[in-house]
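Everything below concerns the one structure shown next.
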There are 4 protein chains.
Amino acid sequence: MPRSDEENSRIRELRRTSILDISVAVFAKKGLGATRIADIAEAGDMSQGLIYRYFNNKEEIYQAIIERIQSGTDQLAQQALQQAGTPLEKLRWLLEVYTAYVWQRPHFALLVEQALINEAMPEEMHAIAFKQVDMIVNTVHQLIIEGQKSHEIIEHDPGELTAMVLACLSGLNAGATYIPQMLKISGQPDVELIVRIIKA
Amino acid sequence: MPRSDEENSRIRELRRTSILDISVAVFAKKGLGATRIADIAEAGDMSQGLIYRYFNNKEEIYQAIIERIQSGTDQLAQQALQQAGTPLEKLRWLLEVYTAYVWQRPHFALLVEQALINEAMPEEMHAIAFKQVDMIVNTVHQLIIEGQKSHEIIEHDPGELTAMVLACLSGLNAGATYIPQMLKISGQPDVELIVRIIKA
Amino acid sequence: MPRSDEENSRIRELRRTSILDISVAVFAKKGLGATRIADIAEAGDMSQGLIYRYFNNKEEIYQAIIERIQSGTDQLAQQALQQAGTPLEKLRWLLEVYTAYVWQRPHFALLVEQALINEAMPEEMHAIAFKQVDMIVNTVHQLIIEGQKSHEIIEHDPGELTAMVLACLSGLNAGATYIPQMLKISGQPDVELIVRIIKA
Amino acid sequence: MPRSDEENSRIRELRRTSILDISVAVFAKKGLGATRIADIAEAGDMSQGLIYRYFNNKEEIYQAIIERIQSGTDQLAQQALQQAGTPLEKLRWLLEVYTAYVWQRPHFALLVEQALINEAMPEEMHAIAFKQVDMIVNTVHQLIIEGQKSHEIIEHDPGELTAMVLACLSGLNAGATYIPQMLKISGQPDVELIVRIIKA
DNA sequence: CATGAATGAGACTTCATTCAT
DNA sequence: CATGAATGAAGTCTCATTCAT
């Protein structure tokens with residue numbers, strides 16, 4: 001007697017998710033190019049062939065991951081704008097939540113960064129990643145401009161302030177992932193330090 | 001008529017340097033794994049075979065680049081400590097020079113970061129890159145501690161301050177390289193903004 | 001309530017036949033090597049696993065088809081010899097019936113031809129197909145010799161005449177299957193034209 | 001000192017030709033689908049990788065072969081029309097030359113037939129092969145119509161006569177290649193037998 | 001009886017590296 | 001010193017076949 005259809009689609013869904021979860025870790029360690037399908041299969045203790053029943057190739061796996069991350073980023077940016085409080089308070093909220101998010105899943109942001117950076121990535125992946133980063137950049141940029149109007153944030157080229165704040169975030173992320181022991185820190189960094197860059 | 005020995009070794013030196021210069025750009029775009037020897041040969045308009053007369057394999061090229069960068073970093077760190085002035089002034093000098101350096105050769109720091117990050121890198125490369133970053137980290141860390149003693153720098157876990165300052169630098173670098181147009185900035189960022197993080 | 005045994009074996013027989021029927025079309029299009037079990041399953045709207053409950057592997061399906069065709073060929077050859085009339089009349093009858101048969105099931109002869117031709121075929125299949133073709137060749141050959149004795153058929157190397165007649169049949173078959181529109185014909189070809197080759 | 005450019009391109013040309021020559025035999029035996037690159041490499045006593053320096057994939061090799069054959073076919077058809085003599089004499093010339101050609105290189109026509117038949121072939125290949133066969137079909141068709149006007153050729157649907165003549169050729173070819181011993185013939189078949197089909 | 005998820009062997013393809021010239 | 005044809009070891013991907021349900 002065959003498995004029921006629901007049973008089958010549940011199994012497929014679980015397997016698909018599991019492949020993505022496993023791949024996040026592997027891609028983060030090696031990057032898209034240096035990751036072999038064999039690595040993912042081994043990490044997930046499954047056959048290589050199985051992976052191809054769910055994804056047509058490596059790139060497709062990577063893309064599925066990026067897309068899954070994206071929805072989270074979109075929400076985050078939107079919620080920040082909808083927070084109660086002054087622009088600076090909204091920005092602080094964004095930094096806080098984003099830092100916490102990244103600190104717990106350091107791999108995610110790195111995969112997006114790779115998608116952005118790596119020239120070997122298919123164009124479509126670039127586009128998805130770009131859109132994602134752009135959303136955060138624009139949100140921060142907008143909040144900084146508003147904060148300057150309300151004199152919470154220093155007078156300075158808002159583009160440069162945005163770049164600096166985001167550089168901190170991204171740099172922290174990279175550092176936290178790869179060289180925590182080198183960075184002489186323990187625990188999630190204090191967002192208030194970043195705020196010092198821009199606070200009036 | 002055979003070339004003279006000096007002539008030959010001069011040619012060899014030029015060629016070697018040229019291979020390294022070309023490789024920096026190629027590695028920065030694709031990373032070690034995704035870069036093919038053919039890519040380098042093509043970028044330098046030379047045969048693949050020629051490259052093997054100067055380096056035994058791909059990794060050796062990468063390593064030569066990292067080592068070449070290293071000497072610059074070492075000097076920089078040393079010079080910072082030898083600057084006249086207060087600890088904060090020394091730190092400011094370091095940030096200034098380092099930012100300028102990176103701004104003009106954005107690829108260099110990225111290659112070091114890759115060497116640090118990428119698990120596919122041979123262990124030796126990790127070590128070299130680690131040593132390099134460690135030197136900067138330690139220098140900044142030391143200056144921050146000294147600055148706290150002289151009350152130029154805020155009371156705060158010095159490890160965390162170090163992490164934050166370096167995160168800015170590394171994040172700026174990545175951003176500057178890959179997404180300058182996205183970052184709404186033009187020209188080298190203002191180091192004074194980073195100093196705001198730590199200034200008492 | 002379990003199905004009765006007869007019911008079961010009836011279902012099995014139907015299914016087996018259906019798999020063979022479907023496979024004929026698929027094999028004819030792609031050949032043994034390029035046909036995937038998945039293709040057959042899809043064409044028959046059944047699962048891949050099911051096919052393996054009836055046949056142990058791809059080759060076995062192919063072989064079952066060839067064997068099924070064989071019995072028809074055997075009968076045809078025998079009946080031709082037993083027809084009333086002169087040798088040429090017997091031959092004409094054979095050509096007529098064979099052409100009609102092929103015209104209606106163009107795939108059959110092609111599968112036999114493939115079995116004969118394709119080096120990737122297992123030896124056993126070669127043997128079966130060879131035996132089949134050989135029977136037709138010998139029958140035609142024999143009738144031609146007899147026809148020459150009765151002066152209905154021209155004096156000429158009987159082997160060559162046989163080859164020519166059969167070449168017509170096989171060529172017509174291939175053409176009819178694949179390029180009918182190219183061949184500018186409509187309807188079953190006129191056997192009398194083939195007879196012209198040999199008629200005294 | 002590097003090889004001279006001419007030397008290199010001579011080597012490349014030789015190698016390319018050699019790969020094509022070898023592939024003809026292998027493809028003819030197994031067909032496109034069942035032929036592995038490894039088969040060709042082995043038959044030519046070269047590495048698999050080398051083949052990919054000359055052709056991007058199996059299909060490209062096949063196509064190169066078909067195209068090489070095409071030029072020969074084109075010429076043949078044209079020359080037939082330009083022969084001196086009556087339409088039937090032209091046709092006889094065509095059959096003669098074509099039979100001789102095929103008899104000496106039996107694989108060629110088979111590869112074209114495969115390209116026409118096999119559904120797994122890329123569309124482009126179909127087109128090339130179709131064009132080739134179409135040229136011969138049209139030439140024969142035209143000569144038959146002219147021959148009917150001059151009463152050298154029997155009154156009968158010219159399409160059907162064309163089909164029959166070409167069926168003979170193609171059938172002979174297939175037979176000659178695969179089952180010569182079965183066909184009880186020795187030496188090239190007598191074209192005059194085919195002519196009997198159509199001669200008034 | 002029937003299904004489709006899963007496996008594993010083997011084919012295709014790429015590329016670092018060698019070597020004759 | 002320099003070239004590019006050639007190799008061979010991986011890696012990517014496909015598909016016949018198995019097996020739990």
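Going from atom CG of A/L111 over to atom CD of A/Q63 covers 13.0 Å, rounded to the nearest 0.5 Å.
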Determine, for nucleotides 12-19 of chain E in 5'-to-3' order, which nucleotides have protein heavy atoms under 4.0 Å from the base (write B), from only the sugar-phosphate (write S), or from neither (write -). SBBSSBB-
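Legend: residues meeting salt bridge (charged side-chain N to carboxylate O under 4.0 Å, His left out) with D/R36, ordered by chain and number and at least two apart, are D/D39. For A/R16, there are no salt bridge (charged side-chain N to carboxylate O under 4.0 Å, His left out) partners two or more places apart in sequence or in a different chain. Contacts of B/R68 classified as salt bridge (charged side-chain N to carboxylate O under 4.0 Å, His left out), with partners at least two apart in sequence or in another chain: B/D21. The salt bridge (charged side-chain N to carboxylate O under 4.0 Å, His left out) search around A/E7 returns A/R10, not counting sequence neighbours. Residues passing the side chain to side chain donor-acceptor pair (under 3.5 Å) test with A/Q70: none are found, sequence neighbours excluded.
The stretch residues 9-20 of chain A comes close to DNA chain E through A/I11, A/R12, A/R15, each having a heavy atom under 4.0 Å from the strand.
Legend: salt bridge (Lys or Arg N to Asp or Glu O under 4.0 Å) pairs involving residues 51-65 of chain D, not counting sequence neighbours: none detected. Within the structure, ring pair (Phe, Tyr, Trp, His ring centres under 6.0 Å) contacts touching residues 12-56 of chain D (residues at least two apart or in different chains) are D/F27-D/Y62.
Straight-line distance from the CD atom of A/E6 to the P atom of E/dT3: 17 Å, rounded to whole Å. With rounding to whole Å, A/I51 atom CD1 is found 13 Å from F/dT14 atom P. Following rounding to the nearest Å, A/I61 (CD1) and F/dT12 (P) show an atom-to-atom distance of 10 Å.
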When the side chains of residues 41-50 of chain B are checked against the rest of the protein, which donor-acceptor pairs come out under 3.5 Å, sequence neighbours left out?
from: B/S47; atom 1: OG; to: B/L50; atom 2: N; distance (Å): 3.2

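Smallest separation of non-hydrogen atoms from D/I61 and D/L20: O-CD2, 3.8 Å. Closest of all the heavy-atom pairs between D/I19 and D/S23 is O-OG, 2.6 Å.
Neither OP1 nor OP2 of F/dA5 sits under 4.0 Å from any side-chain N or O of D/Y54.
DNA chain E is contacted by both A/D45 and C/M46; C/M46 maps to the nucleotide lying nearer its 5′ end (nearest heavy atom per residue).
For the strand DNA chain F, secondary-structure stems (runs of at least three Watson-Crick or G-U pairs, all distances below 3.5 Å) span E:2-21 with F:2-21.
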